[in-house]
Amino acid sequence: MTNNDTLKKLRVALKLRDDDIVKILELVDFRISKSELGAFFRREDHPKYMECGDQILRNFLNGLVIHLRGPMPKKEDKKRAT
């Protein structure tokens, strides 16, 4: 399974739109346009198809964690909580 397949399956499973994915990537300071993102979801034989690299998928997964769980508390907050 390619990174493109993984990204497609996560988009469908989590019912994410392109805007949502762009916002998730912005949570980890990774900027991408909707047209660049759309190239990952095209068929492999399409002339505008682009392969999703490891860096993009990694940043999406890290942003998804923040999106679903919220940002990590700062170290000072952890000390006070215990």
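Computed from a prediction, not measured in an experiment: that's the story for all the values here.
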Can you measure from SG (Cys52) to CD (Glu36) and round to the nearest 0.5 angstrom? 11.5 Å
Using the side chain to side chain donor-acceptor pair (under 3.5 Å) rule, take Thr6 and Asn3 through it: C-alpha gap first, then chi angles, then the decisive distance, then the call. CA-CA 5 Å; Thr6 304; Asn3 289 345; 5.1 Å; no
Hey, is the main chain of Met1 close enough, under 3.5 Å, to the side chain of Asp5 for a donor-acceptor pair? no
Quick one: salt bridge (Lys or Arg N to Asp or Glu O under 4.0 Å) pairs with a partner in residues 41-55, sequence neighbours left out? Arg43-Asp45
Considering the options Lys23, Lys34, Arg11, which one meets the salt bridge (charged side-chain N to carboxylate O under 4.0 Å, His left out) requirement together with Asp18? Arg11
In the hydrophobic cluster built from side-chain contacts under 4.5 Å, what are the other members alongside Phe60? Leu7, Leu10, Leu14, Leu16, Ile21, Val22, Ile24, Leu25, Leu27, Val28, Phe30, Ile32, Leu37, Phe40, Phe41, Met50, Ile56, Leu57, Leu61, Leu64, Ile66, Leu68
